[in-house]
Amino acid sequence: QVQLVASGGGLVQAGGSLRLSCAASGRTSSIYVMGWFRQAPGKEREFVAAIRWNGGRTYYPDSVKGRFTISRDNAKNTVFLQMNSLKPEDTAVYYCAASDRISTMTNSRGQYEYDYWGQGTQVTVSS
């Protein structure tokens, strides 16, 4: 079992920055991939970023590429999402997720690949 706790959300103006954190505990040695997803009211959950726990290869959709950066500190069992140049369209609840399935290494964009989820943290970007 893996437990995830997300933090760092808040209210920022357009063009500002936030850094989200996700602390993992439990059987963290089983993690292959950690990712971030977001969900706005009335919309589907959207892939934001993913990182391989070993090696650090990252994945992003076009909507955030060049603005968001995912990183990890393996020693602290923590993954981060640095969000720059925020837009009102980025407003959503952001969820961190972890997968202990090796298949996620090649299919990191699918929410159903992830076994464990944090509670979510609200990000609101004002215009």
Side-chain angles (χ1 to χ4, degrees):
Q1 289 292 315
V2 175
Q3 295 80 45
L4 304 174
V5 178
S7 62
L11 173 64
V12 298
Q13 293 184 334
S17 299
L18 281 175
R19 190 179 78 156
L20 307 183
S21 299
C22 179
S25 60
R27 304 288 290 181
T28 57
S29 61
S30 68
I31 296 173
Y32 285 100
V33 178
M34 293 190 70
W36 289 93
F37 291 77
R38 65 188 182 187
Q39 189 164 23
K43 295 186 177 181
E44 298 289 329
R45 187 164 295 188
E46 178 187 16
F47 171 75
V48 176
I51 187 168
R52 293 183 180 181
W53 203 238
N54 297 119
R57 184 171 180 175
T58 58
Y59 306 87
Y60 306 94
D62 290 342
S63 59
V64 308
K65 191 172 297 182
R67 299 188 299 122
F68 291 9
T69 303
I70 188 171
S71 61
R72 84 277 195 250
D73 186 333
N74 298 68
K76 297 181 179 179
N77 298 129
T78 301
V79 65
F80 306 96
L81 184 68
Q82 179 66 46
M83 304 185 293
N84 298 326
S85 301
L86 283 162
K87 305 175 181 180
E89 304 94 281
D90 297 317
T91 295
V93 177
Y94 283 69
Y95 299 90
C96 63
S99 175
D100 60 5
R101 298 191 297 203
I102 194 168
S103 62
T104 312
M105 296 180 69
T106 55
N107 189 28
S108 61
R109 294 175 178 262
Q111 63 177 305
Y112 301 111
E113 289 288 325
Y114 294 84
D115 306 290
Y116 309 103
W117 293 83
Q119 83 284 5
T121 183
Q122 176 71 47
V123 172
T124 303
V125 184
S126 62
S127 60

Output side-chain donor-acceptor pairs under 3.5 Å for residues 20-31, partner residues at least two apart or in another chain, one line each.
unit_1: Thr28; atom_1: OG1; unit_2: Asn77; atom_2: ND2; d: 3.4
unit_1: Ser30; atom_1: OG; unit_2: Arg27; atom_2: O; d: 2.7

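Remark: Arg52 pairs with no residue by the salt bridge (charged side-chain N to carboxylate O under 4.0 Å, His left out) rule, at least two apart or across chains. The salt bridge (charged side-chain N to carboxylate O under 4.0 Å, His left out) search around Lys65 returns Asp62, not counting sequence neighbours. Under the side-chain contact (heavy atoms from CB on, under 4.5 Å) criterion, Gln1 pairs with Gln3, Tyr116, not counting sequence neighbours.
A donor-acceptor pair shorter than 3.5 Å can be found between the side chains of Glu113 and Ser103.
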Candidate pair Gln122 and Leu11, rule side-chain contact (heavy atoms from CB on, under 4.5 Å), full reasoning | CA-CA 8 Å; Gln122 176 71 47; Leu11 173 64; over 6 Å; no
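No continuous path of hydrophobic side-chain contacts links Tyr95 to Met83 [ILVMFWY only; heavy atoms under 4.5 Å]. Hydrophobic clustering (ILVMFWY, side-chain heavy atoms < 4.5 Å, transitive): Val48 and Met105 are in distinct clusters. No continuous path of ILVMFWY side-chain contacts below 4.5 Å connects Val2 to Tyr114, so the two sit in separate hydrophobic clusters.
Between Phe37 and Phe47, the ring planes are perpendicular. Angles over 60° get that label, and only those under 30° would be called parallel.
Between the Thr58 side chain and the Ile70 main chain, no donor and acceptor come within less than 3.5 Å of each other.
Summarising the geometry of Leu81 relative to Ala49, their closest heavy-atom pair is CD1-CB, 4.0 Å, with the distance given to 0.1 Å.
Applying the ring pair (Phe, Tyr, Trp, His ring centres under 6.0 Å) definition to pairs two or more places apart or across chains, none involves residues 52-71. Applying the side-chain hydrogen bond (donor to acceptor under 3.5 Å, both in side chains) test to pairs two or more places apart or on separate chains, those with a residue in residues 31-40 are Arg38-Glu46, Arg38-Asp90, Arg38-Tyr94, Gln39-Arg45.
Under a cutoff of 6.0 Å and an axis angle of 45°, Arg19 and Phe80 form a cation-pi pair.
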